[in-house]
Amino acid sequence: RGFSSTSASLAQSATRRITVVGGGQMGSGIAQVAATKNHNVTLVDVSQESLDRGKAYMSKSLKRVAKKKFADDATAQTKFVDDVLARITLTTNATEAAGNADLVVEAIVENIKVKQDLFASLAKAAPESAILASNTSSLPIAKIAELLSAERKERFIGLHFFNPVPQMKLVEVVRTNETKQEVVDSAVAFVKAIGKEPAVCKDTPGFIVNRLLLPYMMESIRLLERGVASARDIDTAMKLGAGYPMGPFELCDYVGLDTIKFIVDGWYKEGQGLQGNKIFESNKTLNELVKNGHLGVKTGKGFYEY
Ligand code: CAA
Ligand code: NAD
């Protein structure tokens with residue numbers, strides 16, 4: 001047994017034991033997608049309340065998927081949702097959940113110390129053959145694995161999903177200097193087996209997508225500050241002129257303004273070569289929105305009201 005042995009069987013959708021730690025918007029999406037593709041999933045969070053919230057996210061999203069899949073068949077819709085949810089076990093015990101996992105995907109709060117500590121305890125419990133992965137948006141993968149043994153580091157990788165997970169096709173597979181090739185291969189096979197498209201990249205700030213997206217978002221806010229156009233007109237321009245599904249302000253609100261501020265502040269301070277890069281410099285508009293608790297869609301107000 002072991003996640004490493006048969007990347008071919010993974011590609012053929014073999015059922016595997018996947019533990020997802022963190023049942024927020026990303027973790028619940030990852031759990032949902034893996035369970036939809038027949039994996040046995042354990043979803044971990046810190047309290048029953050957060051697990052209930054994660055389950056509610058998954059039910060809501062699965063109902064949307066089911067409506068599309070079985071348009072005129074309410075019974076089939078309900079069966080689909082129930083079957084997927086039945087493959088997901090909810091627990092607050094992370095180490096127990098990691099005990100028999102083939103793959104552990106971490107999607108907890110974006111804080112280096114908390115992630116390092118979590119992996120230190122997961123590493124004591126997970127099988128030696130398990131792959132340990134982080135869904136971080138902005139933290140170095142190698143730094144998250146810093147407290148682990150050399151063997152664990154070889155089996156440590158970034159699996160960066162995009163929001164909303166059930167809809168977004170891409171997963172960045174982020175290799176560190178330590179990650180073994182067979183682990184990259186297994187991760188790529190897993191990504192394909194859950195119906196996503198992998199893009200393999202090195203462990204550098206923002207990987208591919210966020211390294212390009214964050215400068216675009218920050219530059220959009222500066223355009224607004226300079227009075228070049230309203231947020232609405234900038235959004236319209238980028239949707240209709242560049243073909244983006246959301247304009248930059250809609251996207252900032254969707255991702256969360258606290259998340260965006262956290263990412264750029266971190267890179268500006270200690271971004272492995274991005275330190276002091278003006279494009280990531282703190283921005284008055286963003287800082288004030290975050291200070292006032294206007295974090296975007298999740299709080300009902302950001303650049304727009306919801
Ligand atoms: N679960 C299941 N299905 C969903 C869903 C969800 N959470 N969200 C949307 N859908 C489905 C809907 O059922 C709908 O299906 P039909 O077309 O058959 O009705 C379909 O997706 C389209 O949804 P909507 O009509 O509601 O809206 P839309 O067409 O505008 O699509 C979107 C929504 C996919 C979110 C699209 O607007 C989009 O791609 N936006 C950009 C998102 C993006 O860039 N994400 C990346 C953010 S950066 C990041 O994640 C990285 C990081 O580290 C911060
Ligand atoms: P979120 O706040 O919605 O969810 C985080 C969850 O983790 C919460 O339910 C919280 O209770 C739980 N948690 C915190 N500490 C924990 C611990 N020690 N053990 C178990 N559970 C714990 O956040 P999110 O938006 O889902 O982001 C999660 C991760 O995914 C972050 O690293 C983030 O950078 C990354 N990410 C976010 C996005 C996005 O657009 N929001 C996109 C890609 C990646």
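This one's a predicted model, so the numbers in the text were calculated from it and none came from an experiment. Counting starts at 1 for both ligands and their atoms, following the listed order. Note: hydrogens, waters and symmetry copies are ignored here, and every other heavy atom, side chains too, is used.
For V255, the closest heavy-atom approach to ligand 1 falls below 4.0 Å. At a 4.0 Å cut-off, at least one heavy atom of H160 sits close enough to ligand 1 to count as contact. For the pair A107 and ligand 2, a heavy-atom separation below 4.0 Å is found.
A heavy-atom distance below 4.5 Å is found between the side chains of V191 and V173. Between S138 and N210 there is no side-chain heavy-atom pair separated by less than 4.5 Å. Looking at N163 and Q25, their side chains come closer than 4.5 Å, going by heavy atoms from C-beta outward.
By the definition of a contact as any protein heavy atom under 4.0 Å away, atom 30 (O) of ligand 1 is not in contact. Shown here, atom 50 (O) of ligand 1 is in close reach of the protein: a heavy atom of it lies under 4.0 Å off. Distances from atom 7 (N) of ligand 1 to the protein include at least one heavy-atom value under 4.0 Å. The protein does not reach atom 2 (O) of ligand 2 closely, with no heavy atom under 4.0 angstrom from it. For atom 44 (O) of ligand 1, the nearest protein heavy atom lies under 4.0 Å away. Checking atom 23 (O) of ligand 2 against the protein gives no heavy-atom contact under 4.0 Å. Remark: atom 27 (O) of ligand 1 lies closer than 4.0 Å to no protein heavy atom. Atom 12 (C) of ligand 1 lies below 4.0 Å from at least one non-hydrogen atom of the protein. For atom 16 (P) of ligand 1, the nearest protein heavy atom is under 4.0 Å away.
Residue-level proximity to ligand 1 for P166 is carried by the side chain, the only part with a heavy atom below 4.0 angstrom. With a 4.0 Å cut-off on non-hydrogen atoms, N163 touches ligand 1 through its backbone as well as its side chain. Residue V21 touches ligand 2 through its side chain alone, judged by heavy-atom distances below 4.0 Å. Of the heavy atoms in D45, both backbone and side-chain atoms come closer than 4.0 Å to ligand 2.
Scanning G206, G256, P245 for the heavy atom closest to atom 36 (C) of ligand 1 points to P245.
For L257 against L289, the heavy-atom pair with the smallest separation is CD1-CD1, 3.7 Å. Heavy-atom minimum distance, L85 versus S59: CD1-OG, 3.6 Å. Among all heavy-atom pairs drawn from L51 and L43, the shortest one is CD2-O, 3.6 Å.
Rounded to the nearest 0.5 Å, atoms OH (Y306) and OG1 (T299) are 9.0 Å apart.
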